[in-house]
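Structure first, commentary second.
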Amino acid sequence: DAKTTQPPSMDCAEGRAANLPCNHSTISGNEYVYWYRQIHSQGPQYIIHGLKNNETNEMASLIITEDRKSSTLILPHATLRDTAVYYCIVRVANSGAGSYQLTFGKGTKLSVIP
Amino acid sequence: GAVVSQHPSRVICKSGTSVKIECRSLDFQATTMFWYRQFPKQSLMLMATSNEGSKATYEQGVEKDKFLINHASLTLSTLTVTSAHPEDSSFYICSASGSPDNSPLHFGNGTRLTVT
């Protein structure tokens with residue numbers, strides 16, 4: 001799976017949009033981009049994933065560049081409960097082969113400040 | 001959405017005893033589940049892949065005789081830490097996904113193991 005690079009930490013003011021970048025310059029054509037977050041002492045929580053089109057759900061938006069070498073997770077109105085470590089992971093999805101494990105990097109520690 | 005339940009959430013045991021951790025997929029069937037371990041201030045590290053009806057596959061450096069995995073049904077995998085020692089104290093997390101193959105993995109809430 002392609003390696004990802006994320007800033008180690010970021011701050012965001014409460015109520016503002018949090019934009020978390022991720023570089024994955026060696027991503028392959030069949031690799032998806034997944035975002036998870038981990039709040040202290042809890043299991044990782046799935047946020048969103050995409051292949052090449054931008055995606056939006058009730059939690060966040062995922063913007064993937066046209067060349068797919070980077071992406072940005074957007075939390076439109078950050079709250080204190082969004083303080084967590086955010087992981088950007090790329091993973092191959094191979095039809096018929098069953099689920100694949102995720103390889104976690106160090107992620108970005110997002111601190112939402114009142 | 002898919003839910004993965006893990007039990008217990010916290011366990012304290014004495015050195016030399018064994019501890020069993022359960023991981024259940026509540027609303028989907030999972031032929032494959034994954035077990036991770038996380039030490040303080042570190043990221044999750046994959047320990048093993050649990051396959052329903054067959055032997056688990058372990059990552060390099062993980063002792064299969066120490067960390068016994070049983071995946072007896074499509075909704076349950078168990079991890080038993082045998083003869084636990086203080087260095088096994090960690091946060092153990094399981095995950096699973098349904099189909100199709102690009103479905104996200106969902107994680108349990110983890111088990112905090114403390115070996116005294």
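Proteins come first, then strands; the chains are lettered A, B, ... in the order of their sequence lines, and each starts at number 1.
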Side-chain donor or acceptor of A:Ser28 paired with backbone N/O of A:Glu31 under 3.5 Å: no

Sidechain-backbone polar pair: B:Tyr58 side chain, B:Gly61 backbone, donor-acceptor under 3.5 Å: no

Portion of B:Leu44 that has a non-hydrogen atom of chain A nearer than 4.5 angstrom: both

Heavy-atom proximity to chain A below 4.5 Å, by part of B:Gln6: neither

Electrostatic pair B:Arg24:B:Glu22 at N-O distance under 4.0 angstrom: yes

Chain B contact via A:Gln38 - which portion, at a heavy-atom distance below 4.5 Å: side chain

Trace of the ring-ring contact (aromatic ring centres under 6.0 Å, His included) decision for A:Phe104 with B:Tyr36: CA-CA 10 Å; A:Phe104 285 81; B:Tyr36 290 82; 5.7 Å; yes

